[in-house]
Amino acid sequence: MKSIVVRPPKEGTELVETESPPQPDKGEVLVRTLLTGICGTDRGIVNGRLKFARPPLKREQLVLGHESIGEVEAIGGGVELSKGDIVVPVVRRGCGVCLNCKIGRQDFCETGNFVEAGIRGHDGFMREFFLDQEMYMVKVPPQLKEIGVLTEPLSNVVKALDQLWFLQRRTLWTCEDSTYNCRTALVIGSGPIGLLFSMALSTEGFRVIVLNRRDPSEVESKITEQIGVKFLKLDDGVPPADLVVDTAGSPSTLLRLLPKLKNNGAVILFGTTSGEREELSADVITELVERNVVMVGSVNASKEHFQRGVTYLSVWHDRFPEALKLMITSEVRPEEAPEVLKAKSKGEIKTVLRWSQ
Ligand code: BGC
Ligand code: ZN
């Protein structure tokens, strides 16, 4: 079968022939891949920039890909899923030792000895078939077959928002009418994650403003209009806000927006990059203290977050099907992967690889 492999820390990808997986054993499922998504993490691995990328033990190659959706092709003994079910696999597999990993919260692994499919120590899903344990599969309704590939990135967003709801219980953060309708969120970055945050926050009642250094592309304009959020250029009169979500990882942008935070505000740090430097002044720290600002970094997600991601997708599939479809800006064949994995193309939101129908 065809697979896309990398050899971290070496740059580049190859489309190679690998052995097809065996029939599933007890508790296992064999999945035929439908689509895999490409994200910044994949490109970081392909360009040799992501330092923690590594193949499975005693191997040189890693099958790339952590955003995936597939169809169950065969099941092993004791499995409840059926042939034909549509599933999304979770990415992180626990260390087996710490308490968080033992209760399915490997997204909070304490030892750091977890593996992540397609990223570090565990083969990913950019291949025609994969064999996996049923416990790592999230069932997706068939009507989400074409869009369910967004479940994985969305699961990360759901987890980050979970942190926010938890942390903001320190104060009364809901409005007089019990909703979040009086709250404003600034989302830095209009990539797939920025737009998924925007959709989720606006679903929860927030007024959302997506920010970028440039004007919106045509697709971005259409999506933000349909989901009812505003797109602003960074300098264009950004209003005061209760929440800043950073999906870009740029310290200068973040420092520019911190003064916009209202009292008891929150910052979600999500985007990761490297290189850019910025000075943190004592005055900024003082401001954060004086205004009771909470900041939280968030990565990865548990199976529960994947399931809640599927719920959001089902709601959006009814509310703004067009915007949801527009999120996938191109679908390419695995043969084209080595090229599209090199860099983001102009106007791209999410590029997906089609493995089967
Ligand atoms: C993935 C997460 C993963 C993270 C690692 C993201 O692209 O969606 O599952 O934990 O990369 O930094
Ligand atoms: Zn990713």
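For the single chain, residues carry numbers from 1 onward in sequence order. Below, each value reflects all heavy atoms present in this structure, side chains not excepted, and no hydrogens, waters or symmetry copies.
- Between atom NZ of residue K230 and atom OG of residue S198 there is a gap of 13.5 Å, rounded to the nearest 0.5 Å.
- W355 places none of its side-chain heavy atoms less than 4.5 Å from the side chain of S68.
- I328 and L196 fall within a single hydrophobic cluster, where Ile, Leu, Val, Met, Phe, Trp and Tyr side chains are chained together by heavy-atom contacts under 4.5 Å.
- Side chains of S281 and D283: a donor-acceptor N/O pair is absent below 3.5 angstrom, by distance only.
- In terms of hydrophobic clustering, with Ile, Leu, Val, Met, Phe, Trp and Tyr side chains grouped at heavy-atom distances under 4.5 Å, F52 and F108 are assigned to different clusters.
- Under a hydrophobic clustering in which Ile, Leu, Val, Met, Phe, Trp and Tyr are joined whenever their side-chain heavy atoms come within less than 4.5 Å, directly or via other members, L131 and M126 fall into different clusters.
- With 3.5 Å as the limit, one finds no donor-acceptor pair spanning the side chains of Q163 and S298.
- Ion pairing of E336 with R333 is present here, as a side-chain N (NZ or NE/NH1/NH2) and a carboxylate O approach within less than 4.0 Å.
- Note: the hydrophobic cluster containing I193 does not contain V299 (ILVMFWY, side chain heavy atoms under 4.5 Å, direct or indirect links).
- When all heavy atoms of S82 and V72 are compared, the closest pair comes out as O-CB, 3.5 Å.
- Each salt bridge (Lys or Arg N to Asp or Glu O under 4.0 Å) pair with one or both residues in residues 267-281, not counting sequence neighbours, would appear here, but there are none.
- Distance check: S356 OG to E73 CD gives 8.0 Å after rounding to the nearest 0.5 Å.
- Between V208 and I227 there is no side-chain heavy-atom pair separated by less than 4.5 Å.
- More than 12 heavy atoms of other residues, nucleotides or ligands lie within 6.0 Å of NZ in K262, so this atom counts as buried by the packing criterion.
- Note: N47 CG to E11 CD = 6.0 Å, rounded to the nearest 0.5 Å.
- In the hydrophobic clustering, where aliphatic and aromatic side chains (Ile, Leu, Val, Met, Phe, Trp, Tyr) are joined below 4.5 Å either directly or transitively, V289 groups with L186, I188, I209, L211, L232, L234, V238, V244, L254, L255, L257, L258, L261, V267, L269, L280, V284, I285, L288, V293, M295.
- Summarising the geometry, atom CG belonging to L34 is positioned 6.5 Å from atom CD1 belonging to I69; distances are rounded to the nearest 0.5 Å.
- For H305 and S302, the side-chain atoms include at least one donor-acceptor pair closer than 3.5 Å.
- Listed by first and then second residue, the salt bridge (Lys or Arg N to Asp or Glu O under 4.0 Å) pairs that reach into residues 290-302 are E287-R291, sequence neighbours excluded.
- Under a 4.5 Å side-chain heavy-atom cut-off, the cluster of Ile, Leu, Val, Met, Phe, Trp and Tyr residues that includes V63 is completed by V5, V16.
- L62 and V115 are not part of a single hydrophobic cluster, where members link through side-chain heavy atoms under 4.5 Å apart.
- Contacts of F270 classified as ring pair (Phe, Tyr, Trp, His ring centres under 6.0 Å), with partners at least two apart in sequence or in another chain: F197.
- For R354 and E146, the salt-bridge test passes: some basic side-chain N is under 4.0 Å from an acidic carboxylate O.
- Taking CG of L326 as the reference point, atom NZ of K350 lies at 15.0 Å (rounded to 0.5 Å).
- On the SG-SG cut-off of under 2.5 Å, C109 and C98 do not qualify.
- Contact record, A53 with P8: O-CB, 3.6 Å, taken as the closest heavy-atom pair.
- A salt bridge is absent between D242 and R207; no separation between the charged side-chain nitrogens and carboxylate oxygens falls under 4.0 Å.
- Note that the CD1 atom of I349 and the OG atom of S190 stand 7.5 Å from one another [nearest 0.5 Å].
- Under the 4.0 Å criterion applied to side-chain N and carboxylate O atoms, K2 and E335 are assigned as salt-bridge partners.
- Annotation for E225: atom CD does not count as buried by contact number, only 12 or fewer foreign heavy atoms lying within 6.0 Å.
- The backbone N or O of A74 sits nowhere less than 3.5 Å from a side-chain atom of Q23 that would complete a donor-acceptor pair.
- Within the structure, salt bridge (Lys or Arg N to Asp or Glu O under 4.0 Å) contacts touching residues 16-30 (residues at least two apart or in different chains) do not occur.
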